[in-house]
Amino acid sequence: MQLPMQDYLAELHSRFSSLHEGEVASYIPELAKANPDWFGISVVTVDGYAYTVGDSDQRFTMQSISKPFVYAAALADRGKEAVLRKVGVEPSGDAFNSISLHHQTGAPLNPMINAGAIATTSLVAGDGAEAQWRRIEETMAALIGHGIEVDEAVYRSESETGFRNRAIAWMLKNFGIVEGDPMSSLENYFRQCSILVSCRDLALMAATLANCGVHPVTGKRALPDECVEPVLSVMATCGMYDYAGSWLYEVGMPAKSGVGGGIIAVLPGQCGIGVFSPRLDAKGNSSRGIAVCRQLSQDLGLHVFARAAPPQLVVRSVYTAAESPSRRLPSREKAGYLAENAHRIKFLSLQGMLAMDGAEYVVRQMQRLSVEADSFILDMHQVTGLSDSGARMLHQARVNLHSDGIAVVLSRVRGRGHVEDPLRRALPRGDRGFLNFEDNDVAAEWCENRLFEEGMADPREVSLLADFPLFRRVPAELVEATAKLATLQRFAPNQAILASGQAGDGSIYFIKSGTVSVLVPVQDSAHQRITSMGAGMSFGEMMILGPAARSASVYADGEVVCWVLMAQDFDRLSEGFPLLKITVLENLAHDLAERLQQNNRLITVLAS
Ligand code: DON
């Protein structure tokens with residue numbers, strides 16, 4: 001299928017191909033050689049899908065687009081405070097090559113103007129200019145996703161004619177902003193401006209910023225997470241120099257332009273945009289680049305201040321364990337208890353980005369539901385991101401509800417760093433952490449056990465076969481006769497009692513004490529635990545219907561004692577007492593019907 005976004009970008013490309021305003025940069029002689037008609041657009045999503053149209057693979061020099069990325073490296077290497085002492089974050093409202101230094105400290109107003117960029121280049125880690133260049137090279141390669149190359153002709157051209165930048169570098173030395181040799185830092189600055197990129201590369205770099213510093217295709221972290229926010233902030237306020245205000249007003253995305261004709265724009269959490277067209281307007285920004293970004297923002301509603309999604313959307317569904325109980329098979333008494341109380345186990349299935357507003361809404365829903373709740377299971381499976389403030393709010397709600405006797409547990413968090421990390425960071429010292437379960441079933445079982453602990457104790461041991469649901473309403477003398485046929489068997493912890501697929505030998509198990517886990521095989525020779533059973537519950541009872549292969553495996557959780565009855569012996573006994581088999585079959589049919597109903601309820605919930 002032709003993707004609609006691809007069609008849209010192609011249409012945009014053909015529409016703006018007729019825009020011929022502006023001039024190719026010529027103050028660096030080598031740049032004047034660019035073909036003014038080159039025109040490429042690329043959009044890369046945070047999951048790494050690249051849309052490209054036009055001259056998307058034509059290479060050109062990055063120029064000032066290198067500035068935010070070198071600034072990110074300086075932040076990563078020196079820390080925010082140290083960098084802020086040397087370079088400010090105020091928009092200058094001046095052109096890129098203005099000498100905008102703080103009147104007292106001499107600190108450049110921001111890292112996007114040349115003065116600030118030369119200063120940040122001098123700040124990246126490395127013993128000497130060569131090592132610093134290797135650090136810049138390595139950062140750029142990680143951001144682009146492949147090795148980099150410098151256009152030596154552009155570099156020489158710039159170095160030979162960059163008198164104004166030389167003056168700026170000496171000014172920075174004069175104020176103590178650049179500490180080492182200002183000329184070597186300046187050469188590194190010229191080199192970083194001369195790195196060759198395509199507009200597809202630019203979109204990938206922008207998408208890496210949109211993706212919290214992780215390259216969307218290589219999956220490798222190119223920048224520390226904590227550097228992304230400050231970098232995007234200076235791009236938003238200063239990235240387009242003396243056009244920054246109008247840009248934010250009309251386009252509304254952190255961005256950066258370069259005199260090579262490139263522009264990047266970042267839509268955090270969504271995509272990165274790269275546009276390339278060498279004709280520049282009077283402020284040194286690509287004319288078509290600006291027109292394309294303005295149109296994209298308008299047509300696709302990309303402005304970062306556009307109305308955000310309502311927080312209610314984070315709650316996908318709310319249901320209770322009455323509709324979706326755990327897959328354990330409770331004894332008759334427990335089933336009765338659950339029928340009365342399972343609605344007090346509330347599931348909140350969450351989705352999307354859980355920032356402060358979404359978390360606040362979730363917490364308020366829990367407060368509203370808490371009048372009738374014993375526990376909450378927050379299913380995080382569909383949560384795509386969790387802010388630190390959101391995590392702190394969930395944590396505080398967990399603590400507050402705990403003091404009201406209500407448990408809050410999480411499900412499906414493990415191994416998903418974007419959810420797990422903020423949750424861990426939210427834990428104050430000494431907090432033993434949150435309970436997290438592999439899946440909703442195990443979480444529901446834990447919550448059901450909690451209900452049982454409060455309302456009814458688990459029988460540790462059953463002393464009569466008559467106490468098993470399968471023998472309900474069977475006359476006592478017939479249960480006794482059946483009991484005589486059964487033998488007691490002991491199983492050691494983790495011992496396999498039944499193996500899935502194995503031909504059934506007719507044995508039916510009645511748990512006298514201990515618990516067992518029932519597992520079914522899933523892909524890759526793994527097993528999924530489907531239920532657990534305790535004293536007073538039976539398994540393998542399908543043998544009453546005739547021989548068949550075992551449908552699941554059963555393992556002893558700890559020491560387990562069972563009565564084992566052979567179906568053949570039972571059948572023989574029933575020949576003399578047909579009522580025995582009829583009643584047992586009725587009980588079996590009744591239990592199966594209940595399980596079917598339970599599954600239907602679950603399907604209804606999952607489908608809603
Ligand atoms: O400092 C310079 O002159 C260039 N090499 C970089 C300038 C640049 O790209 C300005 N941005 N629009």
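The structure presented is a predicted model; accordingly, all values stated were derived computationally and were not measured. Each ligand, and each atom within it, is numbered from 1 in the order the structure gives. By convention here, the first residue in the shown sequence is residue 1.
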Undergrad: Taking side chain to side chain contact (heavy atoms under 4.5 Å, CB included) as the definition, give me every residue that meets it alongside S387, ordered by chain and number, with sequence neighbours left out.
TA: M353, A355, S389

Undergrad: For the residue pair F60 and F276, does the interplanar ring angle fall in the parallel (under 30°), tilted (30 to 60°) or perpendicular (over 60°) class?
TA: parallel

Undergrad: Any side-chain heavy atom of I263 within less than 4.5 Å of one from W247?
TA: yes

Undergrad: So, the side chain of K86 versus the backbone of G176: is there a donor-acceptor pair under 3.5 Å, distance only?
TA: yes

Undergrad: Could you tell me whether R135 and E138 make a salt bridge, using a distance below 4.0 angstrom between a side-chain N and a carboxylate O?
TA: yes

Undergrad: Working note: Q367 + R364, criterion side-chain hydrogen bond (donor to acceptor under 3.5 Å, both in side chains); need CA distance, chi angles, decisive distance, verdict.
TA: CA-CA 5 Å; Q367 183 210 40; R364 232 162 353 96; over 6 Å; no

Undergrad: Anything under 3.5 Å between an N or O on ligand 1 and a protein N or O? List each pair with its distance, or write none.
TA:
| unit_1 | atom_1 | unit_2 | atom_2 | d |
| --- | --- | --- | --- | --- |
| ligand 1 | 1 (O) | N114 | ND2 | 2.9 |
| ligand 1 | 1 (O) | N165 | ND2 | 3.1 |
| ligand 1 | 1 (O) | Y189 | OH | 2.5 |
| ligand 1 | 3 (O) | Y27 | OH | 2.5 |
| ligand 1 | 5 (N) | Q63 | OE1 | 2.6 |
| ligand 1 | 5 (N) | E158 | OE1 | 3.2 |
| ligand 1 | 5 (N) | E158 | OE2 | 2.1 |
| ligand 1 | 9 (O) | S64 | N | 2.9 |
| ligand 1 | 9 (O) | S64 | OG | 2.7 |
| ligand 1 | 9 (O) | V259 | N | 2.8 |
| ligand 1 | 11 (N) | S64 | OG | 3.0 |
| ligand 1 | 11 (N) | Y241 | OH | 3.2 |

